[in-house]
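Here's the structure we're looking at; comments come further down.
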Amino acid sequence: MNKFEKFTEIIEKIYAINPDENFGDKVFKLFKEAVDFDEGYIFFSNPERLEYSFNPRAASLKEIQEPALKENLEFKNLVFGTIAISGKAFTQEDKKIFRTFASIISNLIKDIELTKVVKMQIEALQQGYIETREHSQKIKEADKIKTKFFSHTTHELRTPLNSILGFSELLGNEFAGKLNKKQKEYVEDIKISGINLLGLINEILDMSKIEANAMKLNLQTFQVSLAVNEVINTVSPLIIKKHINLSKFIDNITLTADYQKFQQILFNLLGNAVKYTQENGKIVIKAKQEQQNLILSVKDNGAGIDKKLQKTIFKPFTQGDKIASNSTGLGLAITNELVKLHKGKITIKSEPEKGAEFIVSIPLAQKWDLYRSLH
Ligand SMILES: Nc1ncnc2c1ncn2[C@@H]1O[C@H](COP(=O)(O)OP(=O)(O)O)[C@@H](O)[C@H]1O
Ligand SMILES: [Mg+2]
């Protein structure tokens, strides 16, 4: 076997090298079988990267003991280093073999470098992907816990609050004995604070249910006037305290809807009307039928809502400039969701300083559910 044949065999072995940190050692060891030399070097143009040197004694290209063979390491005409062997008088044959060797090493190193970079990029991407996935998982879990926490605590808060409201009602009606004027006033204050707090708790509970997609309609057929009167009764202490003149025009209408949610819609609108109307103000509640829809409206002569706010008012946590106490900015967002759940629509008519009117339109019966279950 002549030198060239031997070299071809060696090249095959070089290609089979696993490109790890001993690449230089391995390459030169193999090459030594084709051309004899003492020391081999691979220098990179970037001096920090003297990575692949075999038995290196020289710190730079100039220090290499002569006689030596040197070839540039090139990739697409770009010189990125030098390969050298030294220690012997080399023949013409050696020179030829070495030149080929240098060009093969150039390609191999470039390959290794590229593979390294690509590998690093892939690793970074994978790491990023894992982190993002873990992160979003955590967010989802935290969100679930938050929703659970809210609905649990608000439930727990609602029960004692209802008994505060119930007992202050009993006291106020003097079932447990006569009250003097001051006592009556205090009991009324307890009741009003309780109603406000209940409103807040309900808003948070409803919002967390909406977020969890857990809002379901519990359909019932009922008289609109009955549901409206109950809501007015609940809110009446607030209305009386502010000396608001409330009038109602409720037609005789039978509605199929979720009773409690329908009341919540009116409670939120009426609550706002009371909240955002000055003392001695005026509120009008109307319910009438138009084609197959119930039209429910709550109109006040309070501060009104400017055009800009009207556009975002149904988004959660949206509030006007004058933020009232007992406010979360959730009421209208929830109201809007509840109306949508009934396949209805809510609109605003308002002129700043003159008052606001909220108009809800919902179908008299939830026919689409029947339709849906048949198809
Ligand atoms: N009847 C109304 N008159 C004037 N402004 C209103 C009325 N109803 C709602 N708003 C405005 O819309 C905002 C959002 O209402 P809402 O979602 O019920 O939140 P909150 O009552 O908790 O502030 C209120 O902060 C208020 O600025
Ligand atoms: Mg409100």
Side-chain angles (χ1 to χ4, degrees), residues 150 154 157-158 161 192-211 215 228 231-232 234-249 260-287 295-342 344-362:
F150 273 141
T154 40
L157 289 170
R158 260 211 302 205
L161 197 53
I192 287 170
S193 303
I195 295 165
N196 282 333
L197 195 53
L198 188 65
L200 288 185
I201 291 170
N202 280 341
E203 284 183 358
I204 296 170
L205 183 62
D206 285 346
M207 203 64 214
S208 54
K209 272 194 202 153
I210 288 168
E211 278 188 354
M215 239 351 158
V228 171
V231 175
I232 293 173
T234 317
V235 184
S236 70
L238 307 177
I239 295 173
I240 293 165
K241 186 159 187 176
K242 265 187 136 173
H243 308 289
I244 283 169
N245 173 347
L246 175 84
S247 39
K248 50 177 186 174
F249 304 92
Q260 192 263 328
K261 291 187 179 66
F262 175 75
Q263 286 198 322
Q264 188 70 40
I265 292 169
L266 181 59
F267 181 87
N268 289 352
L269 296 179
L270 188 56
N272 278 349
V274 175
K275 206 182 337 180
Y276 300 105
T277 300
Q278 55 280 40
E279 294 216 350
N280 303 310
K282 200 169 169 331
I283 297 176
V284 183
I285 302 177
K286 280 187 193 162
I295 310 292
L296 174 75
S297 68
V298 179
K299 186 177 178 181
D300 64 58
N301 67 348
I305 304 157
D306 63 54
K307 283 268 173 292
K308 214 172 135 222
L309 183 62
Q310 286 185 30
K311 287 197 181 110
T312 54
I313 208 166
F314 294 113
K315 290 196 178 126
F317 305 111
T318 306
Q319 294 185 298
D321 299 332
K322 291 172 235 122
I323 295 174
S325 59
N326 305 309
S327 288
T328 56
L330 290 174
L332 286 178
I334 293 164
T335 309
N336 187 36
E337 289 297 327
L338 295 178
V339 171
K340 277 202 311 207
L341 217 58
H342 283 91
K345 262 204 314 245
I346 182 164
T347 46
I348 314 171
K349 272 192 207 160
S350 175
E351 252 186 76
E353 305 309 324
K354 292 208 174 140
E357 182 177 14
F358 285 81
I359 304 149
V360 172
S361 157
I362 54 176

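For ligands, and for the atoms within them, numbers begin at 1 and follow the listed sequence.
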Are the side chain of Asp300 and the backbone N or O of Ala356 linked by a donor-acceptor pair below 3.5 Å?
yes
May I have the step-by-step check of side chain to side chain contact (heavy atoms under 4.5 Å, CB included) for Ile305 and Tyr276, ending in yes or no?
CA-CA 10 Å; Ile305 304 157; Tyr276 300 105; over 6 Å; no
Between Lys242 and Val274 (side chain of the first, backbone of the second, donor and acceptor by atom type, cut-off under 3.5 Å), is there such a pair?
yes
Heavy-atom distance to atom 26 (C) of ligand 1: which of Tyr276, Phe317, Phe314 wins?
Tyr276
Nitrogen or oxygen of Ala333 less than 3.5 angstrom from that of ligand 1
no
Do Ser297 side-chain atoms and Phe358 backbone N/O form a donor-acceptor pair below 3.5 Å?
no
Polar proximity ligand 1 side, Ile305 side, N/O cut 3.5 Å exclusive:
no
Other residues, nucleotides, ligands: >12 heavy atoms within 6.0 Å of Lys261 NZ:
yes
Which of the ligand 1 atoms, numbered from 1, are nearer than 4.0 Å to a heavy atom of Ile313
11 (C), 12 (O)
Could a heavy atom of Ala303 be found less than 4.0 Å from some atom of ligand 1?
no
As a quick check of understanding, evaluate side chain to side chain contact (heavy atoms under 4.5 Å, CB included) for Val298 and Leu266, giving each step before the final call.
CA-CA 8 Å; Val298 179; Leu266 181 59; 3.7 Å; yes
Trace of the side chain to side chain contact (heavy atoms under 4.5 Å, CB included) decision for Phe249 with Ile285:
CA-CA 6 Å; Phe249 304 92; Ile285 302 177; over 6 Å; no
Ligand 1 to Thr318 polar contact by distance, N or O atoms, under 3.5 Å
no
Asp300, Leu332, Leu330, Thr335: member with heavy atom nearest to atom 1 (N) of ligand 1:
Asp300
Measure the distances from the heavy atoms of Gly302 to every atom of ligand 1 and state whether one is below 4.0 angstrom.
no
Near Lys275 (heavy-atom distance under 4.0 Å), the atoms of ligand 1 are 20 (P), 21 (O), 22 (O)
Would you say the Mg ion (ligand 2) has Asn272 as a near neighbour, meaning an N/O/S atom of that residue under 2.8 Å away?
yes
N or O pair under 3.5 Å between Leu309 and ligand 1:
no
Any Thr328 heavy atom less than 4.0 Å to ligand 1:
yes
Ligand-side contact atoms (ligand 1) for residue partner Gly320, heavy atom cut-off under 4.0 Å:
25 (O), 27 (O)
Would the number of heavy atoms belonging to other residues, nucleotides or ligands and lying under 6.0 Å from NZ of Lys286 be above 12?
no
If we only consider heavy atoms of Phe358, is any one of them less than 4.0 Å away from an atom in ligand 1?
yes
Can you check side chain to side chain contact (heavy atoms under 4.5 Å, CB included) on Leu238 and Lys275, steps first, answer last?
CA-CA 9 Å; Leu238 307 177; Lys275 206 182 337 180; over 6 Å; no
